[in-house]
Student: 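Got a structure for you, questions after.
All figures in this text were calculated on a predicted structure; none of them were measured in a lab. Atom set for the values below is all heavy atoms of this structure, side chains included, hydrogens, waters and symmetry mates excluded.
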Amino acid sequence: MIGKFNIDGIDAYERFGVFISDAGLVSLLQYPPLKKVDSNDWPEEDGEEFDLSEPTLDTKTVQVKFASHKANRFGAFLAAMSDTGYHDFEVPAIARTFRLRLSSQQAMTHYPRAEAFTLQLSDDFPLRGYSYVAPETSITRTSGYELDGRDLGQYGVTILEGSLAEVLKSPAVKQNLLQNLQRENGAIYDGEYVAFQTKEVKLKCSLRAHTFDEFWRNYNALLYDLTRPDERLLFVEYTGYEYPCYYKSCSSSQFLFTHGKIWWVFDLTLVFTSFRVEGEEYLLASEDDMLIITEDGESAIDLSEYD
């Protein structure tokens with residue numbers, strides 16, 4: 001375990017007998033959420049109008065699982081964690097250093113010769129010292145999803161099963177004026193128009209790379225591109241539509257690296273700022289006794305034959 005996790009340049013296992021469990025790395029990778037965005041909600045219009053002129057990332061709070069092969073060393077490790085606010089967590093195996101602060105302890109399990117515990121840590125420095133470098137991947141594969149005209153496959157991202165259903169689902173309807181009188185059955189509803197709310201879409205993704213230089217390059221570029229000023233446009237090949245949206249948050253579920261293969265599985269939550277289900281229009285019959293099946297009239301049946 002020596003050499004796998006350093007805190008402020010000190011080998012944590014050699015000093016405290018502490019190491020980060022494999023599952024503990026997963027949460028460290030999730031992107032920070034976006035800070036709340038101001039908006040105007042117009043009752044007669046689909047979605048909302050968001051001020052995305054200067055989107056900013058919030059603090060990332062993660063649950064990191066640790067273990068120790070040396071019982072009763074937890075106190076010494078926690079004392080070192082709390083001597084100052086911030087500490088550098090270096091994980092050489094993934095070529096990454098995280099600057100974190102201790103927030104709280106979430107769990108603790110004590111064994112005769114070992115301990116396992118979970119700490120809640122906060123990262124207040126998203127994209128700290130980062131200068132943008134365009135994504136570049138050795139895994140050439142199109143995803144069928146484009147972010148502002150760039151296929152997500154260029155980041156090494158594959159869109160996983162379940163994402164399309166998230167895109168296609170309908171948002172909730174905005175409620176118009178509703179009067180529910182105590183002494184009358186039912187209610188009186190203003191049904192002159194129907195407008196839809198915004199909706200959150202969870203894209204299930206995996207980001208793959210062959211080296212950590214490639215992985216971190218594309219990992220950072222994707223977060224940077226997601227949080228550029230103004231709305232993003234997500235093009236979905238299956239529907240042929242571009243959807244105005246913005247990045248909201250991320251959750252991380254799996255992180256594997258072995259023999260030159262790196263695989264991170266995560267969910268991106270996007271807010272579709274305006275969405276209306278597009279579909280064909282149907283008419284029962286036209287004035288010339290033609291039953292119109294589709295809006296363009298290509299599938300028409302002459303009803304006069306059945307008189």
Side-chain angles (χ1 to χ4, degrees), residues 29-37 39-52 55 57-58 135 137 139-175 193-208 218-219 221-254 263-282 294-296:
L29 266 71
Q30 70 187 36
Y31 290 143
L34 200 71
K35 290 184 178 179
K36 183 175 172 58
V37 179
S39 67
N40 289 317
D41 189 355
W42 308 107
E44 301 86 2
E45 297 181 6
D46 291 332
E48 296 181 40
E49 181 182 348
F50 291 90
D51 180 5
L52 292 163
L57 292 167
D58 208 343
T137 179
I139 302 173
T140 55
R141 183 178 179 181
T142 58
S143 69
Y145 291 72
E146 296 178 4
L147 181 68
D148 295 334
R150 174 181 282 154
D151 193 289
L152 289 174
Q154 295 183 36
Y155 300 88
V157 169
T158 300
I159 303 299
L160 305 178
E161 185 177 355
S163 298
L164 182 59
E166 287 278 305
V167 172
L168 296 176
K169 71 180 181 182
S170 174
V173 173
K174 291 183 179 180
Q175 182 171 300
Y193 62 90
V194 174
F196 290 95
Q197 301 177 22
T198 61
K199 71 168 185 173
E200 293 187 5
V201 172
K202 187 175 291 186
L203 292 184
K204 304 176 187 301
C205 311
S206 70
L207 194 162
R208 295 183 299 154
N218 295 335
Y219 172 96
L222 178 58
L223 177 58
Y224 187 93
D225 287 338
L226 282 168
T227 55
R228 288 179 182 271
D230 302 322
E231 287 182 331
R232 310 273 60 79
L233 288 176
L234 180 73
F235 173 76
V236 180
E237 184 178 9
Y238 180 87
T239 65
Y241 287 102
E242 281 187 328
Y243 303 97
C245 61
Y246 71 88
Y247 163 76
K248 181 181 180 181
S249 62
C250 171
S251 61
S252 178
S253 60
Q254 194 170 7
W263 187 32
W264 175 42
V265 181
F266 61 104
D267 291 341
L268 283 180
T269 298
L270 306 178
V271 176
F272 279 30
T273 58
S274 180
F275 184 90
R276 178 174 285 267
V277 176
E278 299 291 342
E280 296 173 331
E281 295 182 5
Y282 297 85
T294 61
E295 185 179 11
D296 57 17

Student: With a 4.5 Å heavy-atom cut-off, do Asp51 and Asn40 have their side chains touching?
Tutor: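 No, their side chains stay 4.5 Å or more apart.
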Student: Looking at every non-hydrogen atom in both residues, tell me the closest pair between Ser170 and Phe196 and how far apart they are.
Tutor: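 So the minimum-distance heavy-atom pair works out to OG-CE2, 3.7 Å.
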Student: Are the side chain of Asp41 and the backbone N or O of Glu48 linked by a donor-acceptor pair below 3.5 Å?
Tutor: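 No: the side chain of Asp41 does not pair with the backbone of Glu48.
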Student: With a 4.5 Å cut-off on side-chain heavy atoms, are Leu57 and Leu223 touching?
Tutor: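 Yes, close enough: below the 4.5 Å cut-off.
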Student: Taking all non-hydrogen atoms of both residues, which atom of Glu200 and which atom of Glu166 are closest, and how far apart?
Tutor: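 Smallest interatomic distance, heavy atoms only, reads O-OE1, 4.1 Å.
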Student: Looking only at heavy atoms, which two atoms of Asp58 and Pro32 are closest? And how far apart?
Tutor: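 Closest pair (atom of Asp58, atom of Pro32, distance): O-CB, 3.3 Å.
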Student: Check Pro244, Pro171, Cys245 against Phe275 for a side chain to side chain contact (heavy atoms under 4.5 Å, CB included) and give me the one that passes.
Tutor: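 Per the side chain to side chain contact (heavy atoms under 4.5 Å, CB included) rule, the option paired with Phe275 is Pro171, out of Pro244, Pro171, Cys245.
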Student: Determine, stepwise, if the pair Asp148 / Arg228 fulfils salt bridge (Lys or Arg N to Asp or Glu O under 4.0 Å).
Tutor: CA-CA 11 Å; Asp148 295 334; Arg228 288 179 182 271; over 6 Å; no
Student: Give me the atom names and distance for the closest heavy-atom approach of Ala195 to Asp46.
Tutor: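 Minimum heavy-atom separation between Ala195 and Asp46: CA-OD1, 3.3 Å.
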Student: Closest approach of Gln154 and Thr137, non-hydrogen atoms and distance?
Tutor: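 Residues Gln154 and Thr137, closest heavy atoms: O-CG2, 3.6 Å.
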Student: Between Glu242 and Leu233, what is the shortest heavy-atom contact and its length?
Tutor: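 Looking at all heavy atoms of both residues, the closest pair is OE1-CD1, 3.7 Å.
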Student: Taking the side chain as every heavy atom from C-beta outward, state whether Tyr246 and Val37 have any atom pair closer than 4.5 Å.
Tutor: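 Yes, side chains in contact.
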Student: Given Lys202, which of Asp267, Leu270, Leu268 fulfils the side chain to side chain contact (heavy atoms under 4.5 Å, CB included) condition?
Tutor: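 Result: among Asp267, Leu270, Leu268, Asp267 is the only option passing the side chain to side chain contact (heavy atoms under 4.5 Å, CB included) with Lys202.
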Student: Mark yes or no for whether Lys169, through its side chain, and Val201, through its backbone, hold a donor-acceptor pair below 3.5 Å.
Tutor: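 A pair under 3.5 Å: no.
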Student: Does a side chain donor of either Asp151 or Ser143 reach within less than 3.5 Å of an acceptor in the other side chain?
Tutor: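 Note: Asp151 and Ser143 side chains meet the donor-acceptor criterion.
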Student: How many angstroms lie between CD1 in Ile139 and CG in Leu207, if you round to the nearest 0.5 Å?
Tutor: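 If I round to the nearest 0.5 Å, the distance is 8.5 Å.
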Student: Nearest 0.5 Å please: distance from the CZ atom of Phe235 over to the OH atom of Tyr243.
Tutor: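 Answer rounded to 0.5 Å: 9.0 Å.
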Student: Ignoring hydrogens and angles, tell me if any N or O in the side chain of Thr273 forms a donor-acceptor pair with the backbone of Gly47 under 3.5 Å.
Tutor: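 Pair absent, no side-chain N/O of Thr273 close to backbone of Gly47.
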Student: Can you tell me how far apart NZ (Lys36) and CZ (Phe50) are? Round to the nearest 0.5 Å.
Tutor: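 Answer rounded to 0.5 Å: 8.5 Å.
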Student: Show, in sequence, the C-alpha distance, side-chain angles and deciding distance for Tyr155 and Trp264, and conclude whether the ring-ring contact (aromatic ring centres under 6.0 Å, His included) test is met.
Tutor: CA-CA 12 Å; Tyr155 300 88; Trp264 175 42; over 10 Å; no
Student: Taking everything shown except Glu161 itself, do over 12 heavy atoms lie less than 6.0 Å from its CD?
Tutor: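 No - once you tally the heavy atoms of other residues, nucleotides and ligands closer than 6.0 Å, there are 12 at most.
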Student: Is there a side-chain contact between Trp263 and Gln254 (heavy atoms, below 4.5 Å)?
Tutor: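 Heavy-atom side-chain distance check passes, below 4.5 Å.
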Student: Apply side chain to side chain contact (heavy atoms under 4.5 Å, CB included) to Ile159 and Cys205, showing your working.
Tutor: CA-CA 5 Å; Ile159 303 299; Cys205 311; 3.9 Å; yes
Student: Atom CH2 in Trp42, atom CD in Glu49: separation rounded to 0.5 Å?
Tutor: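 Here the rounded value is 6.5 Å.
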Student: With a 3.5 Å distance limit and no angle check, can you tell me whether Lys204 reaches the backbone of Val265 through a side-chain donor-acceptor pair?
Tutor: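 No: the side chain of Lys204 does not pair with the backbone of Val265.
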Student: Distance from Thr239 atom OG1 to Leu164 atom CG, nearest 0.5 Å?
Tutor: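 These two atoms lie 7.5 Å from each other.
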Student: Is any side-chain heavy atom of Thr142 closer than 4.5 Å to a side-chain heavy atom of Glu237?
Tutor: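 The answer is no, as the side chains (C-beta and beyond) never meet within the 4.5 Å cut-off.
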Student: Nearest 0.5 Å please: distance from the OH atom of Tyr31 over to the OH atom of Tyr247.
Tutor: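 So the gap between those two atoms works out to 8.0 Å.
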